[in-house]
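For reference, the structure discussed in these notes is given below.
Just so you know, these numbers come straight off a predicted model, no measurement behind them. Every heavy atom of this structure was used, including side-chain atoms; hydrogens, water molecules and symmetry mates were not. In what follows, every chain begins at residue 1, and chains take the letters A, B, ... in the order their sequences are listed.
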There are 2 protein chains.
Amino acid sequence: MRKIGIKDVAKRAKVSIATVSRVLNNSAPVSPELKRRVIEAIEELGYNPNTLAQGLRKGITKTVGFIIPDITNPFFPELVKGVEDYLRRKGYALILCNSDQEVEEETRLLKVLTAKKIDGLIFIGSGSYNKEIENLKEVKIVFLDRVYEKAKGYYVVADNERGMKELLEYLIDTGHRSFALLNGNEETFSAKERYKGFKDAMDKHGIKDYTVIFGSFTYESGSKMVRKLRKLPDAIVCGNDLIAFGVIDTLHSMGFSVPNDVSVTGFDDIPFSQHFKPPLTTVRQPAYELGRHAARTLIEALNGKRKRKKGVILPTELIIRESTKRR
Amino acid sequence: MRKIGIKDVAKRAKVSIATVSRVLNNSAPVSPELKRRVIEAIEELGYNPNTLAQGLRKGITKTVGFIIPDITNPFFPELVKGVEDYLRRKGYALILCNSDQEVEEETRLLKVLTAKKIDGLIFIGSGSYNKEIENLKEVKIVFLDRVYEKAKGYYVVADNERGMKELLEYLIDTGHRSFALLNGNEETFSAKERYKGFKDAMDKHGIKDYTVIFGSFTYESGSKMVRKLRKLPDAIVCGNDLIAFGVIDTLHSMGFSVPNDVSVTGFDDIPFSQHFKPPLTTVRQPAYELGRHAARTLIEALNGKRKRKKGVILPTELIIRESTKRR
DNA sequence: TTGTATGCGTTATCAG
DNA sequence: CTGATAACGCATACAA
């Protein structure tokens, strides 16, 4: 009798398994006496219900999947914490997965999670559109940070476009007149939105002297993209903080000074950005809140509430530090 | 008929569910004709086996749990990648969990994972000993990075003690004569081992001028611990890179220069350490390899192999950069 | 080579 | 209030 099940508990407590199940789920009244015996037996045996069986029987598993694209990018762990904290309070289990920016891996994960019968999914796409997402008929989806506009589902994002626009207003205000946008993966929602904000600002102020490069949201990509620049603009606007780090480091290794020769900005405000040398001017995304809202949205959807708005957009905050200066 | 099961496939292919199961698992010969029909039906219906039912029936789930203590510490994501890559190749699913350094949360996760009937567990403890681990009779365990000496199970670690000793040999060689060890959580295996290496070196060289402080493995803790120092030693040896970052930043804010006024070292060599200002002298742990070995050890244990050695110890590497200098 | 029937651990339905 | 028992989706022993 290696693994103990509900029937072991029933035997020990001298009741039927039905009664055990009832005290376990509080699903029907049980006399104090029997309840006591059952609880005692559970304690003594160290019984832990088999969620596989529960899930099979009930059709719900009280677990949600969460796919992030790059566990290595310090922005995502903050999101994870927000999700975790909310889910824990609600009694949901979390299966965290890392797609490592690979669409194939993402597809595999989607299949695995489906087979595990998760109730809901919080999804941050790895990049290009993954149509596998459309097959997920039985699970509620919340798109976080990176929206799939074509797919249906809830979404939670920061106001990327507006955040970027504010950043550029500040840059233009402080005398910057030529720009380069070194962005992340072009197919990505966040890259697109940030580009939009950038472009809008350029147009609004009639600035023609700018270039745009798309790469990926990594340090290495930043390093690579900055080398492609023909000439140094007044400001290099990066798609995220990681890119900015790569840009600044290679700029330094090329003998340039930031911000004296050129201003550089990031996006996200990951924990490290304030400690970078120079401390990074960036647009703060409320990562923890984003995660928290995503979890909340999902749970509410799962409970049949929230028919009103399909999504929430959180404001960003301009963080001015020392990687930029007035020209 | 919302969700499709094996019987839908059977009906579509005009065979019995047993036959479907057979082609699914290759568990018995099936005539080419029927096999074709089944495969066709599976494709057309987009059938995906319910792993809950499979797990319930077979007693194994082909999934392993992985608990890490701090998803926010860039050292762990590297481990995760090593684990992921190996597991994927072996057809195992991974449930990644973050205990956030909380023993209670860790206990909760252990229960959840047990209830989900994982086959094996890769475990990095949050700190103090969690006796819940002893209840896990049915799952194989690999202790990664932080060993529970009392508990039985396999382990995979880097040679912390020796790594620390080598670091101190280098420091002493380069003229450092007084030290402070600003370490992580005292109950933690890695902190203990690193302390041992440190102490050994002190004793061996007859050095009396040193102090030791335990805190936790975070930036903030580093910042806090360095403020407790009465006087600046020749070298501040930190329990990990994050602590070193905190130490260096506060030292700077206090008007000291690193390494001119004091040498500072880390441990781990997280990706960021080479880009820190100044680039950090540290002891590299082969994070990806550590994760990979842990996964391999677990899978082999699961397959009944590996009775030989109970653990593997990987070597560290001394990385000399610019946060230290000869005195 | 194929099909039928049983059971994995739970919950829910139905009598009592 | 309590206890049998069917059913969840699948793999397998047993029959054919």
Picking from C:dG9, D:dC10, C:dT2, the nucleotide nearest the side-chain atoms of B:L56 would be C:dG9
Side-chain N or O of B:Q54 closer than 4.0 Å to phosphate OP1/OP2 of D:dG9
no
Does a nitrogen or oxygen in the side chain of B:T19 sit under 4.0 Å from OP1 or OP2 of C:dT2?
no
Nearest to the side chain of A:I17 - D:dT5, D:dC10, D:dA13?
D:dT5
B:L52 or B:S27: which one's nearest nucleotide on DNA chain D is closer to the 5' end?
B:L52
Answer yes when A:E33 and A:R36 have at least one side-chain N-carboxylate O distance shorter than 4.0 Å, and no when they do not.
yes
Quickly work out the A:K35 NZ to D:dT2 P distance and round it to whole Å.
10 Å
Which one, D:dG9, D:dT2, D:dA11, comes nearest to the side chain of B:A53?
D:dG9
Could you work out which one of D:dA11, C:dG3, D:dC10 sits closest to the side chain of B:N50?
D:dC10
CZ of B:R146 to CD of B:E187: how many Å apart, nearest 0.5 Å?
11.0 Å
Report the distance from atom NZ of A:K7 to atom C1' of D:dT5, rounded to the nearest whole Å.
12 Å
Distance check needed: D:dC8 C1' versus B:D8 CG, whole Å only.
13 Å
How is B:L34 classified with respect to the nucleic acid when contacts are heavy atoms under 4.0 Å: base, sugar-phosphate, or nothing?
sugar-phosphate
Under the 3.5 Å rule, do the base of D:dG3 and the side chain of A:R22 count as making a donor-acceptor pair?
yes
How many Å lie between CD1 on B:I6 and P on D:dG9, as a whole number?
11 Å
Nearest to the side chain of A:S31, which nucleotide is it out of D:dG9, D:dC1, C:dG9?
D:dC1
Quick check, are the ring centers of B:F189 and B:F143 under 6.0 angstrom apart?
no
Between B:L24 (CG) and D:dA11 (P), how many Å, whole number?
6 Å
Let's see if you can work this out: which of D:dA4, C:dT10, C:dG3 has an atom nearest to the side-chain heavy atoms of A:Y47?
C:dT10
Regarding B:E105 and B:R108, does a basic nitrogen lie under 4.0 Å from an acidic carboxylate oxygen?
yes
To the nearest angstrom, how far is A:K117 atom NZ from D:dC8 atom P?
14 Å
If you check the B:P29 side chain, which of D:dC10, C:dT1, C:dG3 turns out closest?
C:dT1
Centre-to-centre under 6.0 Å for B:F123 and B:Y148, is that the case here?
yes
Could you tell me whether B:D85 and B:R292 make a salt bridge, using a distance below 4.0 angstrom between a side-chain N and a carboxylate O?
no
Per A:A18 side chain, nearest of listed nucleotides C:dT10, D:dA11, C:dA12
C:dA12
Give the rounded distance in Å between these two atoms: NZ of B:K11 and P of C:dG3.
15 Å
Find the distance B:E138:CD to C:dG9:P and express it as a whole number of Å.
10 Å
Across the strands shown, which category fits B:V30 at heavy-atom distances under 4.0 angstrom: base, sugar-phosphate, nothing?
sugar-phosphate
